Amino acid sequence: MKMFEIKGKVAIVTGASGTLAGSIAESLAIAGVRLALLSRSIETITPLLDKLGHLGATARAYEVDILSKDSLTSVRDSIKTDFGKIDILLNIAGGNLPGATIAPDKNIFDMSIRDFTKVVDLNLNGTVLPSMVFGELMAEQQKGVIINYSSMAVSRTITRVAGYSASKAAMENFTRWMAVEMALKFGDGIRVNAIAPGFFIGKQNKDLLTNADGSYTERGATIIQNTPMARFGNADELNGAIHFLCSEAASFITGIVLPVDGGFGAFSGV
């Protein structure tokens, strides 16, 4: 087997309607990976399914609530029937809410604890539960790869995003914990890692980072000033890291968080 070969593997993608998820799904499809695309609503990923179909990819969509173990278990059984196995789990689903974000004219005491809890639930438990449900099948197979999506908001204090930062930090800790648990109890064939994207413009943050004319907002400009490569990332620039972590080239790598950030995490701002 070639070191970076992933053709024929079966990958599950949660949060499949997002920009980053769509990019990696297309990239994996081109590499010959068969795809199970998960979303709360199948309608949201119909355009992606059509695009993958034109590429000749094998891809199916599944409607699921990633915060429901019963829903996830039902989908897991369907995927096993449809594909016969699960090789890769990409935990991409996540997000933020206005009430868990501190606006410039507000402070921590104005934050909605209800929204904070929802954001933690989505970003932390939305990774933990799929890892448990699909990881159980990997444990039976004694082989599999789980890749979680973290954030620069963990290693650096990014103002405003209190709930998002806390939940992604907890998720990184869980990534390391799950990596140790799986290796110790189910062997070296199961690896659990994460990537930490820098700043990429997607559906959720476009208006926060850019103006209608395409220029940067004040926040967008601040990010660029603190990114040595002086630009936002392109969604497909995450894909090489994912391919690597999914392949046998990374067979002795588990429990890490790989930054893909244009140097943001290395820069002091001075």
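As the structure is a computational prediction, the values presented were derived from the model and not from experiment. One-based numbering along the sequence shown.
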Answer yes or no: is there a side-chain heavy-atom contact under 4.5 Å between [X] and [Y]?
X: K80; Y: I86; result: no
X: L72; Y: V64; result: yes
X: I253; Y: S251; result: no
X: R60; Y: L35; result: no
X: S71; Y: E63; result: no
X: S131; Y: N91; result: yes
X: L28; Y: L90; result: yes
X: L55; Y: I30; result: yes

For [X], give me all partners under salt bridge (Lys or Arg N to Asp or Glu O under 4.0 Å), at least two apart in sequence or on another chain.
X: E181; result: K185
X: D87; result: K85
X: K143; result: E248
X: R76; result: E136

Should the heavy atoms of other residues, nucleotides or ligands under 6.0 Å from [atom1] of [X] be counted, would the total exceed 12?
X: E140; atom1: CD; answer: yes
X: D188; atom1: CG; answer: no
X: R156; atom1: CZ; answer: yes

If the condition is side chain to side chain donor-acceptor pair (under 3.5 Å), which residues does [X] pass it with, not counting sequence neighbours?
X: K51; answer: E26
X: S268; answer: none
X: R176; answer: none

Contact summary for P130 and L89, nearest pair of heavy atoms: O-CD2, 3.6 Å
message: On a heavy-atom basis, which atom in N226 and which in T222 lie closest, and how many Å separate them?
response: ND2-O, 2.8 Å
Answer yes if the side chains of [X] and [Y] hold a donor-acceptor pair under 3.5 Å, and no otherwise.
X: T175; Y: N148; value: yes
X: D70; Y: S68; value: no
X: N96; Y: T101; value: yes
X: R219; Y: T159; value: yes

message: Between T210 and D207 (side chain of the first, backbone of the second, donor and acceptor by atom type, cut-off under 3.5 Å), is there such a pair?
response: no
query: Any donor and acceptor pair, going by atom type alone, linking the side chain of S247 with main-chain N or O of A249 inside 3.5 Å?
result: yes
Gap between atom [atom2] of [Y] and atom [atom1] of [X] - 0.5 Å precision:
X: I88; Y: C246; atom1: CD1; atom2: SG; value: 3.5 Å
X: L208; Y: I201; atom1: CG; atom2: CD1; value: 10.0 Å
X: D121; Y: T117; atom1: CG; atom2: OG1; value: 8.5 Å
X: N125; Y: I66; atom1: CG; atom2: CD1; value: 9.5 Å
X: I12; Y: L37; atom1: CD1; atom2: CG; value: 10.5 Å
X: T58; Y: D82; atom1: OG1; atom2: CG; value: 11.5 Å

Could you name each residue pair satisfying ring pair (Phe, Tyr, Trp, His ring centres under 6.0 Å) that touches [range], not counting sequence neighbours?
range: residues 45-101; value: none
range: residues 177-226; value: F199-F264, Y216-F232
range: residues 92-150; value: none

- prompt: Which pairs pass salt bridge (Lys or Arg N to Asp or Glu O under 4.0 Å) with one or both residues in residues 256-269, sequence neighbours excluded?
  reply: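 Qualifying pairs: none.
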message: Give me each pair satisfying salt bridge (Lys or Arg N to Asp or Glu O under 4.0 Å) with a member in residues 229-242, each pair once, sequence neighbours excluded.
response: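 Of all non-adjacent pairs touching residues 229-242, those that pass salt bridge (Lys or Arg N to Asp or Glu O under 4.0 Å) are R231-E237.
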